[in-house]
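Here's the structure, in structure tokens; my notes come after.
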Amino acid sequence: MMEKYDVIVIGAGPGGMTAALYASRANLSVLMIDRGIYGGQMNNTAEIENYPGFKSILGPDLAKKMYESSTNFGAKYAYGTVESVEDKGNTKIVKTDQDSYETSSVIIGTGSQYRKLGVPGEEEYSGKGVSYCAVCDGAFFKNREVVVVGGGDSAISEALYLAGIVAKVTVIHRRDQLRAQKVLQDRAFANDKIDFVWNTNVTEIMGDNMKVTGVKTVNNETNEEKTIDANGVFVYVGNNPVTDVFSNLNITDEKGWIKTNDRMETSVKGIFAIGDVRVKELRQVSTAVGDGGIAGQNAFEYVSSLK
Ligand code: NAP
């Protein structure tokens, strides 16, 4: 016998946890499934200062608070990697590597996963100086020199975080303008521990077998090649949606992001999507939370219509 729920939320980031809160508070039976710890990308974020209610809060601390809220009305949490979602009309079957569940509706909040640079040395030195998480690994580089690759919000906010720990941060960006919000740019430009290398691509991560020693770069305007010494390389070059497992549902655009309407409904009745995994303008904790509330409420209306 499969366990049966009104709503299964896949992914327990800020969107998923909010959806679980709304649906369970409306008296639905709710299961959140995540392949790791609740919180999603909040766990890789040092400081969050654009989520109202907190002047500044550590990402993992906000995740914990949200988890406490999300389970306050009886929503359950299960570890597992979702392997398939089958649409059987009014019933959906969700299979994980551990279990199979029956549910009336599904809310997908699987978010996105960091992109890799795809250069020689990246795989080899991953965990030996190459990192995708300053909060997790920054402390290993106390008083040493690191490189941050990328020019978006993640690269610049994590460069600022690292500048508080390490001796020097070199941000290497492929253009001559940052994509990050102006407030972050202003802070980074004013920080004398942060240097910028513009119009430049990293072509190789170098090491001495045990640890990173630097990066090889090429200026994409002059073709000049250089080596920059560094003990650590933090890569923040964007994200890809985590949607491979939903390909049978035909709910994504050509790049894999899930298309929804304003009610967070996908093209499959009873299946909703929220947060970063959606086609959307602004990917933030606050917008994921908004999506989660809308989806939780609309899942309630959908499930009620079936009874
Ligand atoms: P992003 O906004 O997609 O930025 C990725 C950066 O990496 C861009 O500067 C891009 O350069 C560069 N890049 C992409 N591919 C590259 C490659 N192969 N080699 C070198 N550079 C490459 O990703 P993100 O910064 O991770 O942010 C993801 C989302 O989360 C965004 O919506 C962001 O606003 C949000 N976020 C918000 C906050 C905050 O509000 N504090 C913090 C973190 C993230 P180009 O600029 O040339 O394209």
Side-chain angles (χ1 to χ4, degrees), residues 1-21 23-24 28-45 59-60 63-64 66-67 70-71 75-88 91-116 123 126-127 131-133 135-136 235 238-253 255-260 264 266 268 270-278 283 285 288 291-292 295-296 299:
M1 277 284 282
M2 281 189 258
E3 275 181 52
K4 192 164 188 282
Y5 291 91
D6 293 322
V7 182
I8 287 188
V9 179
I10 305 174
M17 291 195 280
T18 309
L21 165 63
S24 57
L28 300 184
S29 57
V30 179
L31 176 70
M32 279 184 279
I33 303 173
D34 199 299
R35 60 186 173 189
I37 188 173
Y38 55 79
Q41 286 190 37
M42 289 193 288
N43 289 311
N44 301 340
T45 306
K64 185 159 182 287
M66 284 193 189
Y67 179 71
S70 71
T71 50
K76 291 192 195 159
Y77 186 82
Y79 283 107
T81 300
V82 170
E83 291 180 339
S84 67
V85 175
E86 236 181 296
D87 173 37
K88 293 182 170 288
T91 297
K92 325 284 177 207
I93 307 296
V94 176
K95 287 189 182 145
T96 73
D97 54 348
Q98 327 250 333
D99 269 305
S100 291
Y101 305 93
E102 206 177 307
T103 180
S104 302
S105 67
V106 172
I107 299 176
I108 300 171
T110 43
S112 59
Q113 204 167 36
Y114 58 75
R115 251 183 235 143
K116 293 189 173 176
E123 295 292 339
S126 182
S131 170
Y132 305 84
C133 177
V135 184
C136 318
V235 180
N239 299 286
N240 293 323
V242 181
T243 50
D244 284 359
V245 80
F246 310 116
S247 59
N248 60 313
L249 299 171
N250 283 324
I251 54 176
T252 64
D253 70 4
K255 289 184 175 161
W257 304 95
I258 299 179
K259 295 182 284 184
T260 70
M264 305 302 136
T266 67
V268 178
I271 299 186
F272 302 79
I274 55 173
D276 285 6
V277 79
R278 265 191 342 114
R283 294 191 168 90
V285 176
D291 290 358

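Below, each value reflects all heavy atoms present in this structure, side chains not excepted, and no hydrogens, waters or symmetry copies.
The two residues T18 and P14 come nearest to each other via the heavy atoms OG1-O, 2.6 Å. Of all heavy-atom pairs between A299 and I107, the closest is CB-CD1, 4.0 Å. Across S100 and M2, no two heavy atoms sit closer than the pair O-CG, 3.5 Å. Nearest approach of A295 to I274, heavy atoms of both residues: CB-CG2, 3.4 Å. Residues D6 and L28 come closest through the heavy atom pair OD2-CA, 3.3 Å. Of all heavy-atom pairs spanning F246 and V85, the tightest one is CE2-CG2, 3.8 Å.
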Stepwise side-chain contact (heavy atoms from CB on, under 4.5 Å) check, D276 with N239
CA-CA 10 Å; D276 285 6; N239 299 286; over 6 Å; no
After noting the C-alpha distance and the side-chain angles of K95 and V82, does the key distance pass the side-chain contact (heavy atoms from CB on, under 4.5 Å) rule?
CA-CA 6 Å; K95 287 189 182 145; V82 170; over 6 Å; no
Given Y38 and K64, is the side-chain contact (heavy atoms from CB on, under 4.5 Å) satisfied, shown in steps?
CA-CA 8 Å; Y38 55 79; K64 185 159 182 287; 4.0 Å; yes
Intermediate values then yes/no, salt bridge (Lys or Arg N to Asp or Glu O under 4.0 Å), E123 and K116:
CA-CA 9 Å; E123 295 292 339; K116 293 189 173 176; 3.3 Å; yes
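No donor-acceptor pair under 3.5 Å is formed between the side chain of R283 and the backbone N or O of A288.
You'll find the side chain of K92 stays beyond 4.5 Å of the side chain of I8, heavy atoms only. Within the 4.5 Å cutoff, the side chain of T110 has no heavy atoms near those of the V245 side chain. A 4.5 Å side-chain heavy-atom check between S247 and T252 finds every atom pair outside the cut-off. Taking 4.5 Å as the limit, every side-chain heavy atom of S29 sits out of range of all side-chain heavy atoms of K4. At a threshold of 4.5 Å between non-hydrogen side-chain atoms, the residues M17 and M42 count as touching. Q113 has its side chain out of reach of N240: every pair of non-hydrogen atoms, C-beta onward, lies at least 4.5 Å apart. Looking at heavy atoms from C-beta onward, M32 lies in side-chain contact with T71 at the 4.5 angstrom threshold. At a threshold of 4.5 Å between non-hydrogen side-chain atoms, the residues V242 and V277 do not count as touching.
A 6.0 Å sphere centred on CZ of R35 holds no more than 12 heavy atoms belonging to other residues, nucleotides or ligands. Other residues, nucleotides and ligands contribute only 12 or fewer heavy atoms inside 6.0 Å of the CG atom of D244.
Ring geometry, Y132 versus Y114: the interplanar angle falls under 30°, so the pair is classed parallel (tilted spans 30 to 60°).
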